[in-house]
Peer 1: 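Supplied in structure tokens, the structure appears directly below.
Everything numeric in this text was worked out from a predicted model, so none of it was measured. The sequence lines fix the lettering, A, B, ..., with proteins before strands; numbering per chain opens at 1.
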Amino acid sequence: MNENYNISSSPHIRSKVTTGSIMLYVIIALLPATIFGVYTFGVPALLVVLITTASAVITEYLYQKLMKKKVTIGDFSAALTGLLLALNLPAEAPWWMCVLGSVFAILIVKQVFGGLGQNFMNPALGARCFLLISFTGRMTTFVYDGVTGATPLALLKAGESVNLMDMLIGNEAGTIGETSVIAILVGALFLIAMGIIDLRIPGTYLASFVVFIVVFGGHGFDLTYVTAHLCGGGLMLGAWFMATDYVTSPITKTGQIVYGICLGVLTGLFRLFGGSAEGVSYAIIFSNLLVPLIEKMTLPRPFGKGGER
Amino acid sequence: MNKCLERLFNGLIKENPTFVLMLGMCPTLAVTTSAINGLGMGLTTTVVLVMSNMLISMLRKIIPDSVRMPAFIVVVASFVTMVQFLLEGFIPSLYDSLGLYIPLIVVNCIILGRAESYASKNPVLPSIFDGIGMGLGFTVGLTSIGIVREILGAGQAFGKQIMPASFEPITIFILAPGAFFVLAGLTAIQNKVKLEAAKKGKKVETKAGCGEGCGNCTNCGGGK
């Protein structure tokens with residue numbers, strides 16, 4: 001029978017987009033950054049990516065088996081969480097740290113709160129902050145080209161000069177996935193082209209961040225300084241891939257703009273006035289917690305209903 | 001005497017202040033960075049609880065109903081002050097590590113809760129045992145949280161290295177977030193054990209009129 005003449009109850013509008021396909025697109029979009037990371041940092045980075053992704057998937061499988069729930073590893077969300085976490089780790093992360101992070105992300109941040117769609121903060125970032133607080137030394141030691149060096153962002157905070165071109169291409173110290181702005185932007189363009197994300201959250205995030213840096217950075221509108229802040233650290237990876245996570249970002253359009261501004265201001269605040277050079281992860285998980293509030297405040301009024309919301 | 005044993009069991013298991021009643025969360029989360037701190041806090045609270053339960057039970061017919069709260073506070077605060085001086089004099093290391101949380105025992109809701117709901121209505125002996133039971137329950141709760149946090153966060157238990165040298169301490173467990181993780185984890189485990197027990201027919205039941213506000217107590221479903 002022709003599919004067009006099916007008689008059924010609603011929903012009538014069908015789409016081939018599933019959770020699995022969206023997750024798969026995001027994973028594909030992360031591939032340029034991943035490949036670049038593996039190319040720059042070599043075999044250790046590849047191991048970190050593989051171990052973290054595998055242990056995230058295995059944790060989800062085991063938990064759902066043990067709890068006698070439907071096993072949902074087929075929707076790639078666990079794999080995506082693992083991959084995102086790996087991109088947020090330094091290449092020298094030992095295997096047990098990768099496993100611990102994955103288990104924390106899947107078990108504590110995601111499954112304990114009810115699985116995909118119920119987690120209140122981005123699992124990968126939750127795990128990154130867990131590891132960052134627990135193993136500060138290991139998480140902030142970056143080796144590039146055989147030399148332990150400061151990240152450009154740390155240099156920037158110390159008032160030293162940085163090479164913008166290297167930051168753009170990714171010839172710098174940092175976590176596996178955050179170094180190359182170009183590779184991340186390629187992935188982001190792919191996501192925008194596929195309609196998975198739109199510009200609202202990343203756009204307002206980056207714009208409000210730039211405004212904050214210009215106003216409070218102490219350098220005025222210094223293009224080099226602002227660009228270095230934009231390209232440095234996890235800002236690009238966070239803005240395009242983690243702030244836009246469907247589960248932990250607002251649904252309403254106004255809400256997304258408010259959320260983006262929150263992110264930008266918080267990131268600027270942490271970076272300029274905080275103790276450490278980086279602030280993207282904390283800004284994102286903090287804003288994740290504000291999402292229910294933002295959604296409640298920006299609830300659209302149904303057409304035809306006047307007065308109170 | 002049966003009643004006294006029942007009180008002990010009640011405080012330790014059925015209405016464990018930490019894992020069941022969720023009372024006294026402030027010291028529970030704040031001082032359990034190590035097993036010895038948890039034990040010290042638990043025992044200190046137990047002493048105050050037993051003494052205040054005893055005295056309040058003795059005075060229960062004298063204290064007018066309308067001013068019972070200030071009266072209870074005066075009693076509790078006197079004992080806390082004594083305990084504080086004793087700790088400072090004899091166990092200064094514990095006194096230093098518990099710090100501000102010793103004077104805060106005055107406003108610990110377990111102590112006022114037991115005074116209000118049990119000691120002010122019952123004879124002296126059961127009140128004393130109620131204090132011992134609740135106090136030990138609190139001690140067990142704090143010590144177990146402290147042990148788990150110390151093992152994971154420092155690789156030690158009661159100050160002795162027990163994890164192999166290759167174990168890298170997960171520092172977050174001796175910081176504030178770790179307290180929440182461990183408390184939630186242990187509460188989940190004891191709920192699980194209780195549910196299993198309930199399923200097997202060994203129903204852990206709580207007598208109606210158990211003296212606790214039903215809002216805090218999930219045992220009998222009376223508040224639902």
Peer 1: So with a 6.0 Å cut-off around CE of A/Met139, is the heavy-atom count from everything else above 12?
Peer 2: yes

Peer 1: Would you mind checking which part of B/Ile174 comes under 4.5 Å of any heavy atom in chain A, side chain (CB onward), backbone (N, CA, C, O), both or neither?
Peer 2: neither

Peer 1: Does any heavy atom of chain B fall under 4.5 Å from the side chain of A/Leu131, the backbone, both, or neither of them?
Peer 2: neither

Peer 1: Return yes when atom CZ of B/Phe181 has more than 12 non-hydrogen atoms of other residues, nucleotides or ligands closer than 6.0 Å, and no otherwise.
Peer 2: yes

Peer 1: Check the surroundings of atom CZ in B/Phe90: do more than 12 heavy atoms from other residues, nucleotides or ligands lie under 6.0 Å from it?
Peer 2: no

Peer 1: Identify which one of B/Ile172, B/Thr171, B/Ile170 satisfies the side chain to side chain contact (heavy atoms under 4.5 Å, CB included) criterion when paired with A/Ile133.
Peer 2: B/Ile172

Peer 1: Considering only heavy atoms from C-beta outward, does the side chain of A/Arg138 approach that of B/Glu168 to under 4.5 Å?
Peer 2: yes

Peer 1: So what's closer than 4.5 Å to chain B heavy atoms on A/Ile108: side chain, backbone, both or neither?
Peer 2: side chain

Peer 1: Does CZ in B/Phe180 sit with more than 12 non-hydrogen atoms of other residues, nucleotides or ligands closer than 6.0 Å?
Peer 2: no

Peer 1: A quick test of your reading: do over 12 heavy atoms of other residues, nucleotides or ligands sit less than 6.0 Å from CZ of A/Phe286?
Peer 2: no

